[in-house]
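For this chain, numbers begin at 1 and follow the sequence in order.
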Amino acid sequence: GTIEGTSSLVFDGTGLGIATTSPNARLEIEDAASGESVLLKVTADDQSIYSLIVGNDTYSTTDTDGVGMWVNNAGVGKLHARGTGSSLNLGTAGVDRVYIDTSGNVGVGGSPETILHCIKAASGAVGPALVLDNATGSALVNASEIAFLTDSGASYAGISNARIKAINTNASNGAADLTLTTYDGSSEGERMRISSAGNVTSSGSFTTYNDYAVHYFNKGNNTDKLG
């Protein structure tokens, strides 16, 4: 029946409805054309309080075990899986898609083995693919790159230990070169380039391996070599 004589708050014996007389859950809030921009707001007075905890009878052995949601004093929104051995999965269409394990490793498509692990089964086809998209009109020197930092002194904005970069060399047709840069202890610089035509240039010397500096395969002839 109604609570305190108002039809806006109804308990039907199983669930509590706000602005609905037929709640479909323990608690259901309907907008009911109220024009309000927010249906439910939980405000904590201090960041040490978890604004909302979603728990489980079997797992949640303390008040704060479960999935916690809150905003800290700096305005940073947080979503944490809390409790010993907890992990966090994100999904769509009823299927888990992103897995964050108890160590913070992230898996896309399955459980991770390292800090980032992309998983997709595709027999006889491309499995997981990583796409770096510079989504702008074709222009000279448009680029996408991967930077490798091997110590705390390196940075993406400053000096990286190594980089692989795809760089536009023809604004009219989008032709691109692939470059490799490394840090030699004093400066970072381009060491090798594969042109859009497939030509290879290097700023250094090749180290001999099995009597040949470079092995290459061309038009099915796998005995061709450059020395």
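Using a distance-only test at 3.5 Å, with no hydrogens or angles considered, a donor-acceptor pair links the side chain of Asp151 to the main chain of Ala154. The backbone N or O of Ser22 sits less than 3.5 Å from a side-chain atom of Thr20, completing a donor-acceptor pair. Not a single donor-acceptor pair under 3.5 Å links the side chain of Thr114 to the backbone N or O of Leu116. Distance alone, capped at 3.5 Å, places no donor-acceptor pair between the Arg193 side chain and the Thr179 backbone. Distance alone, capped at 3.5 Å, places no donor-acceptor pair between the Ser51 side chain and the Thr43 backbone. Of the possible donor and acceptor atoms, one in the side chain of Ser160 sits under 3.5 Å from a partner among the backbone N and O of Ser155. The closest donor-acceptor contact from the side chain of Asn89 to the backbone of Asp96 lies at 3.5 Å or more, if one exists at all. Of the possible donor and acceptor atoms, one in the side chain of Asp177 sits under 3.5 Å from a partner among the backbone N and O of Ser196. Not one N or O on the side chain of Glu188 forms a donor-acceptor pair closer than 3.5 Å with the backbone of Thr182.
Side-chain N/O atoms of Asn105 and Ser103 include no donor and acceptor closer than 3.5 Å. Between the side chains of Asp101 and Ser111, not a single donor N or O lies within less than 3.5 Å of an accepting N or O. A donor and an acceptor atom, one from each side chain of Asp65 and Thr61, are located under 3.5 Å apart. Asn170 and Ser172 share a donor-acceptor pair across their side chains, judged by distance under 3.5 Å alone.
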Applying side chain to side chain contact (heavy atoms under 4.5 Å, CB included) to Ile53 and Arg82, what does each step give before you reach the verdict?
CA-CA 9 Å; Ile53 295 289; Arg82 297 190 49 78; 4.3 Å; yes
If you apply the rule side chain to side chain contact (heavy atoms under 4.5 Å, CB included), what do you find for Val106 with Ile115, and how did you get there?
CA-CA 6 Å; Val106 178; Ile115 191 168; over 6 Å; no
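Atom CZ of Arg97 is separated from atom CG of Leu90 by 11.5 Å, given to the nearest 0.5 angstrom. Glu190 contributes atom CD, which lies 7.5 Å from atom OG of Ser203 (distance to the nearest 0.5 angstrom). Interatomic distance, CG of Leu52 versus CG of Leu40, reported as 8.0 Å (0.5 Å rounding). For the atom pair OG1 of Thr181 and CZ of Phe148, the computed distance is 9.5 Å after rounding to the nearest 0.5 Å. Annotation: the span from Ile100 atom CD1 to Ser87 atom OG amounts to 9.0 Å, rounded to 0.5 Å. With values rounded to the nearest 0.5 angstrom, Asn134 atom CG is found 5.0 Å from Asn142 atom CG.
In the hydrophobic cluster analysis, where Ile, Leu, Val, Met, Phe, Trp and Tyr join through side-chain heavy atoms closer than 4.5 angstrom, Leu180 is grouped apart from Val141. The hydrophobic clustering, which links ILVMFWY residues whose side-chain heavy atoms are closer than 4.5 Å, places Tyr99 and Leu79 apart. Follow the hydrophobic side-chain contacts under 4.5 Å out from Leu140 and you reach Ile167 in the same cluster. Both Phe11 and Ile18 belong to a common hydrophobic cluster when Ile, Leu, Val, Met, Phe, Trp and Tyr are linked at side-chain heavy-atom distances under 4.5 angstrom. Transitive grouping of hydrophobic side chains (ILVMFWY, heavy atoms separated by less than 4.5 Å) brings Leu132 and Ile194 into a common cluster.
The two atoms that bring Arg26 and Thr14 nearest to each other are NH1-O, 3.1 Å, heavy atoms only. When every heavy atom of Ser86 is checked against every heavy atom of Ala81, the shortest pair comes out as OG-O, 2.9 Å. When all heavy atoms of Asn72 and Lys78 are compared, the closest pair comes out as ND2-CE, 3.7 Å.
You'll find the side chain of Leu16 stays beyond 4.5 Å of the side chain of Pro23, heavy atoms only. Side-chain contact between Thr21 and Asp12: absent, with no pair of heavy atoms (C-beta onward) separated by less than 4.5 Å. The shortest distance between side-chain heavy atoms of Arg191 and Asp184 falls below 4.5 Å. Two residues are said to be in side-chain contact when any heavy atoms from C-beta on lie closer than 4.5 Å; Trp70 and His80 meet this criterion. Looking at heavy atoms from C-beta onward, Val108 lies out of side-chain contact with Pro128 at the 4.5 angstrom threshold.
Here the options are Val67, Val42, Thr64, the test is side chain to side chain contact (heavy atoms under 4.5 Å, CB included), and the partner is Tyr50; only Thr64 passes.
Remark: Arg163 is not positioned above the aromatic ring of Tyr183, lacking an NZ or CZ atom under 6.0 angstrom from the ring centre and at most 45 degrees off the axis.
The local environment of CG in Asp63 is sparse, with at most 12 non-hydrogen atoms from other residues, nucleotides or ligands closer than 6.0 Å.
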